[in-house]
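Presented below is the structure to which this report refers.
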Amino acid sequence: MKELQSILFGVALREVVGSTKQLVNDIQIDSRKVTPSSVFVAISGAQMDGHHFIETAIEKGAIVIVCEKLPELTLAGVTYLVVESTSVAVAIMAHQFYNEASNKIKLVGITGTNGKTTVATLLFKLFKGLGYTCGLISTVENHIADTIVPATHTTPDAIQLNALLDKMVQAGCTHVFMEVSSHAIHQHRITGLNFTGGVFTNITHDHLDYHKTFEAYLDAKKAFFDQLSNTAFAITNLDDKNGAQMLADTKANKLTYALHAPATYKGKILENQLHGLVLLVNEIEVHCRLIGIFNAYNFLAVYGAAIQLGEKSEQVLTILSALTGAEGRFDYIIGLDQRIGIVDYAHTPDALENVLTTIAKLRKGGEDVITVVGCGGDRDKTKRPIMAQIACDLSTKVFFTSDNPRSEDPNEIIKDMEHGLSSAAKRKYINIVDRKEAIKAAVSFSKPGDIILIAGKGHEAYQEIGKKRFPFSDAKVVRLILQELTSKVQGHQE
């Protein structure tokens with residue numbers, strides 16, 4: 001337990017009712033998780049206002065209430081702290097409650113639309129290979145050294161995040177690499193953390209369901225770099241048209257990486273094949289197992305961050321060249337008859353275009369490219385027709401299907417995708433709502449040597465329909481269908 005006043009340093013208190021010498025057991029933002037001697041922080045969210053649950057929290061044993069407006073009725077023995085923003089307050093309090101863990105590690109945040117998971121995962125694998133004990137916080141999974149902790153959000157809430165960092169410190173981690181989502185920045189989940197450095201990958205059309213405008217989305221990403229200290233480093237992708245803007249107001253040491261522009265970390269693609277890339281990195285030739293132009297950028301981002309963290313170039317490149325990326329990012333499965341299934345998390349227009357452009361460059365001749373794609377429900381609707389058009393423009397055949405429809409009707413999502421398609425695109429696609437059947441149809445439509453892209457869900461081992469998650473893995477489904485097809489062919493030959 002900790003004394004309340006010991007975790008209030010830096011919190012802007014507008015009003016205090018009661019004692020700040022209370023001993024508190026934990027901090028909660030969910031009244032259902034409150035236990036005796038909890039601090040309950042009432043968060044004003046977009047869908048729910050925690051102030052409505054103050055009484056419930058007190059009934060369950062909360063002895064401290066952090067709120068933006070004082071309840072009409074205050075109870076003796078309960079301390080009420082009124083603040084301007086409970087989202088900011090809980091982040092600062094959590095940082096101190098969990099022993100200011102970010103001050104005891106080298107914490108690197110990676111933000112951007114695409115590439116966050118790959119860059120964070122590669123950094124984790126690289127520094128593990130360099131002999132360090134590391135932590136990873138990512139969309140796919142979290143790692144506390146060698147222990148895997150399932151991930152529920154790209155960036156956990158402020159309490160979970162600080163608790164996780166504290167566990168990493170206790171496990172002996174010296175470096176932690178984490179994805180930083182725009183939601184986390186905007187909702188102050190990372191406020192109060194001490195970042196050693198930040199990396200920007202790129203920014204494209206995404207999350208406008210939340211941020212409403214691209215400018216607001218851009219500002220959220222930039223806010224991460226604005227809050228870095230003058231002892232931190234900030235690395236940006238200079239080939240992205242908004243890359244330089246990320247560094248405009250940061251106090252951190254400014255660095256850049258690029259394939260086309262002069263940069264601190266300059267790369268050039270010498271070869272781009274299915275077996276990997278050959279790159280020139282600051283005039284050093286290196287072979288790596290990553291595939292595609294987008295991964296050349298990821299490689300440079302990782303290399304730059306590693307150098308800024310004090311590692312030697314030759315050793316970094318040697319280990320990095322042997323690494324593979326994150327699960328569900330350009331995972332390819334080759335059938336015995338040389339049909340190639342590629343599973344990728346591409347769920348934005350830019351990511352889908354990058355993957356399909358990469359596939360086009362990997363083709364040797366007359367192979368067809370067959371794409372299975374859908375769009376998530378309860379998410380940015382404006383990107384649906386854009387993604388559909390890109391899929392049709394860059395594929396031989398396209399199967400529109402269900403992704404994670406959530407509360408929406410998947411048929412209506414597909415109608416949104418169809419809206420405004422060119423006449424040429426309309427001749428290329430087929431609608432099959434059932435995702436497994438769509439993948440099966442795509443494989444059946446293909447011939448030996450063809451490439452089947454299953455886009456949108458990547459590493460996810462579920463499909464979210466309504467409020468439930470049903471077991472579903474694109475990789476497992478396509479692997480099974482390829483095996484079944486091969487068995488049938490072999491049976492006919494016999």
Practice task
Report yes or no: do Tyr265 and Gln308 form a side-chain donor-acceptor pair below 3.5 Å?
Solution key: yes

Exercise for the section: Indicate yes or no for a side-chain donor-acceptor contact from Asn99 to the backbone of Ala101 under 3.5 Å, with no hydrogens or angles considered. Expected result: no

Exercise for the section: Applying side-chain hydrogen bond (donor to acceptor under 3.5 Å, both in side chains), run through Thr236 and Tyr257 and close with a yes or a no. Expected result: CA-CA 6 Å; Thr236 194; Tyr257 65 95; over 6 Å; no

Problem - Lys457 NZ/CZ over Tyr462 ring centroid, <6.0 Å and within 45° of normal - result: yes

Practice task
Hey, could you give me the OH/CD distance between Tyr98 and Gln170, rounded to the nearest 0.5 Å?
Solution key: 10.5 Å

Practice task
Indicate yes or no: does Asp146 engage Lys128 in a salt bridge with an N to O separation below 4.0 Å.
Solution key: yes

Exercise for the section: Using atom types as modelled and distance alone, determine if a side-chain donor or acceptor of Ser31 lies under 3.5 Å from a backbone N or O of Phe53. Expected result: no

Fill in the blank from the handout: Separation between OG1 (Thr324) and CZ (Arg329), nearest 0.5 Å, reads 13.0 Å

Handout entry: Residues Asp416, Arg384: salt bridge by 4.0 Å N-O rule
Key = yes

Practice task
Let me see the working for Val41 and Gln28 under side-chain contact (heavy atoms from CB on, under 4.5 Å), right down to the final yes or no.
Solution key: CA-CA 6 Å; Val41 184; Gln28 299 293 347; over 6 Å; no

Handout entry: Test side-chain contact (heavy atoms from CB on, under 4.5 Å) applied to Ile92 and Phe9, step by step
Key = CA-CA 8 Å; Ile92 295 171; Phe9 180 75; over 6 Å; no

Exercise for the section: Keeping the roles fixed (side chain from His183, backbone from Ser181), state whether a donor-acceptor pair exists under 3.5 Å. Expected result: no

Practice task
Search all heavy atoms of Gly458 against all heavy atoms of Val343 and return the closest pair with its distance.
Solution key: O-CG1, 3.7 Å

Exercise for the section: Sort out for me which residue in Ile54, Val90, Asp26 forms a side-chain contact (heavy atoms from CB on, under 4.5 Å) with Phe40. Expected result: Ile54

Practice task
Using a strict cut-off of less than 4.0 Å between a Lys/Arg side-chain nitrogen and an Asp/Glu carboxylate oxygen, indicate whether Lys415 and Glu418 qualify as a salt bridge.
Solution key: no

Handout entry: More than 12 heavy atoms from other groups under 6.0 Å of NZ on Lys60
Key = yes

Exercise for the section: May I ask you to decide whether Arg435 forms a salt bridge with Asp474, counting only side-chain N to carboxylate O separations under 4.0 Å? Expected result: yes

Practice task
Evaluate side-chain contact (heavy atoms from CB on, under 4.5 Å) for Val88 paired with Glu84, printing each intermediate quantity in order.
Solution key: CA-CA 8 Å; Val88 172; Glu84 185 70 32; over 6 Å; no

Handout entry: Gap separating the CD1 atom of Ile386 from the CD atom of Glu353, nearest 0.5 angstrom
Key = 11.0 Å

Exercise for the section: Under the side-chain hydrogen bond (donor to acceptor under 3.5 Å, both in side chains) rule, what do Ser407 and Asp378 come out as? Steps first, then yes or no, please. Expected result: CA-CA 7 Å; Ser407 71; Asp378 302 333; 2.7 Å; yes

Practice task
Verify the distance criterion only: is there a donor paired with an acceptor across the side chains of Thr231 and Ser229 at less than 3.5 Å?
Solution key: yes

Problem - Identified side-chain contact (heavy atoms from CB on, under 4.5 Å) partner of Glu179 from the options Thr118, Thr139, Ile110, Thr111 - result: Thr139

Practice task
Before giving the answer on side-chain hydrogen bond (donor to acceptor under 3.5 Å, both in side chains), spell out for Glu460 and Asn404 the whole-Å C-alpha distance, their side-chain angles and the decisive distance to 0.1 Å.
Solution key: CA-CA 10 Å; Glu460 293 176 349; Asn404 290 320; 3.0 Å; yes

Problem - Worked verdict on His95 versus Phe97 for ring pair (Phe, Tyr, Trp, His ring centres under 6.0 Å) - result: CA-CA 6 Å; His95 186 238; Phe97 186 89; over 10 Å; no

Handout entry: N/O donor-acceptor pair under 3.5 Å between Asn295 side chain and Ile291 backbone
Key = yes

Practice task
May I ask you to decide if Ser37's main-chain N or O and Gln22's side chain share a donor-acceptor pair within less than 3.5 Å?
Solution key: no

Exercise for the section: Run the salt-bridge test on Lys21 and Glu3 with the 4.0 Å N-O cut-off and return the result as yes or no. Expected result: no

Practice task
Please say whether more than 12 non-hydrogen atoms of neighbouring residues, nucleotides or ligands are located less than 6.0 Å from CD in Glu55.
Solution key: no

Practice task
Quick one: pull up NZ in Lys476 and NZ in Lys436 and give me the separation to the nearest 0.5 Å.
Solution key: 12.0 Å

Practice task
Return the orientation label for the Phe294 and Phe330 ring planes: parallel under 30°, perpendicular over 60°, tilted otherwise.
Solution key: tilted

Practice task
For the pair Asn162 (side chain) and Ile159 (backbone), establish whether a donor and an acceptor sit closer than 3.5 Å, ignoring hydrogens and angles.
Solution key: no

Fill in the blank from the handout: Here the gap from Asp49 atom CG to Ser44 atom OG, rounded to the nearest 0.5 Å, amounts to 4.0 Å

Completion exercise
Rounded to the nearest 0.5 angstrom, the CD1-CD1 distance for Ile342 and Ile452 is 9.0 Å

Exercise for the section: Return yes if some donor-acceptor pair links the side-chain N/O of Thr401 with the main-chain N/O of Gly374 below 3.5 Å, else return no. Expected result: no

Handout entry: Evaluation steps, side-chain hydrogen bond (donor to acceptor under 3.5 Å, both in side chains), between Tyr297 and Asp239
Key = CA-CA 9 Å; Tyr297 283 106; Asp239 285 343; 2.7 Å; yes

Problem - Pairs satisfying ring-ring contact (aromatic ring centres under 6.0 Å, His included), at least one member in residues 103-140, at least two apart - result: Phe124-His143, Phe127-Tyr132, Phe127-His175, Phe127-Phe177, Tyr132-His175

